[in-house]
Amino acid sequence: MFGRRINPRLIKLHRPYSVEEAARTLGVHKNSVRSWIKAGLTTVDRSRPVLILGHELRAYLERKRKSAKRPCPPGTLYCFKCRLPRAPAMGMVEAICQNATTGNLSAICEVCGTMMHRRARLDAIGTIMPNLDVQIREAEPRLYERSAPSLNCDNRKDQ
Ligand SMILES: [Zn+2]
């Protein structure tokens, strides 16, 4: 009845998924999950077989759904508060490297001051954020990330 729509809420936040499990849970082909990983879905470092944390997967799918509805033009990130693509305040963007190819961009909405996030291929940052001051940084240690509340929680409140 829902066609091929993916329901991110089928994913439990607090468990890791293998590619197979994620595909089965969501009713998609394993290759779809693999293509999400290629497109920037974060996986657990060095895990073999590859594991995806539930909250990462769900956040990724929710972002994907949003961005399918509203593609952000170059020079903008999606502001969950304004519900619009917004330009970064003072033209400043921070990019945290997730791995060798993908970065997590964050910036402050120039209109409402909310933190905005956007995932991007590192080699595409110049195209996505033209003429902006992008600071590229290494990811912080995983341990620290886990103890800090996930930014994705904030996003969900606004939906
Ligand atoms: Zn805003």
Side-chain angles (χ1 to χ4, degrees), residues 2-17 22 26 28 32-33 35-45 52-159:
F2 293 100
R4 298 184 64 80
R5 265 175 80 99
I6 294 165
N7 180 4
R9 309 220 166 244
L10 294 172
I11 296 295
K12 292 188 172 62
L13 292 178
H14 298 291
R15 63 159 284 191
Y17 288 83
L26 293 165
V28 300
S32 301
V33 180
S35 73
W36 300 337
I37 293 170
K38 278 209 192 90
L41 169 61
T42 307
T43 56
V44 177
D45 279 348
I52 309 150
L53 296 177
H55 75 268
E56 296 273 15
L57 181 52
R58 203 199 268 194
Y60 177 82
L61 293 173
E62 285 173 351
R63 263 200 305 269
K64 195 169 141 71
R65 198 162 61 175
K66 272 237 146 79
S67 64
K69 273 188 217 151
R70 301 169 193 269
C72 290
T76 64
L77 296 86
Y78 188 82
C79 175
F80 282 93
K81 195 153 184 182
C82 298
R83 293 169 181 266
L84 287 170
R86 292 294 197 193
M90 294 173 291
M92 279 166 48
V93 181
E94 190 177 71
I96 309 282
C97 301
Q98 296 295 305
N99 51 47
T101 55
T102 316
N104 226 340
L105 306 183
S106 51
I108 295 168
C109 172
E110 69 170 0
V111 176
C112 72
T114 299
M115 278 301 274
M116 309 182 290
H117 301 278
R118 178 173 181 174
R119 197 151 299 213
R121 291 184 58 88
L122 294 175
D123 57 14
I125 285 178
T127 316
I128 295 171
M129 297 292 153
N131 307 317
L132 292 174
D133 178 18
V134 181
Q135 305 261 343
I136 299 180
R137 292 219 317 239
E138 295 300 314
E140 295 179 45
R142 288 267 150 189
L143 213 61
Y144 175 78
E145 279 186 1
R146 284 216 192 99
S147 65
S150 168
L151 292 162
N152 298 322
C153 297
D154 294 330
N155 294 348
R156 252 193 308 282
K157 259 186 276 169
D158 293 335
Q159 283 179 17

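Numbering of ligands and ligand atoms starts at 1, following listing order.
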Please walk me through it: do Thr101 and Asp123 pass side-chain contact (heavy atoms from CB on, under 4.5 Å)?
-> CA-CA 7 Å; Thr101 55; Asp123 57 14; over 6 Å; no
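- Only protein N, O or S atoms were scored, and 4 of them lie under 2.8 Å from the Zn ion (ligand 1).
- Heavy-atom minimum distance, Gln98 versus Thr42: OE1-OG1, 3.6 Å.
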Step by step, would you call Tyr78 with Arg86 a side-chain contact (heavy atoms from CB on, under 4.5 Å)?
-> CA-CA 6 Å; Tyr78 188 82; Arg86 292 294 197 193; over 6 Å; no
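- Distance check: Ile125 CD1 to Leu132 CG gives 11.0 Å after rounding to the nearest 0.5 Å.
- In terms of heavy-atom proximity, Gly40 sits nearest to Arg119 at O-NH1, 2.6 Å.
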Show the numbers, then the answer: is there a side-chain contact (heavy atoms from CB on, under 4.5 Å) between Arg118 and Cys72?
-> CA-CA 9 Å; Arg118 178 173 181 174; Cys72 290; 3.4 Å; yes
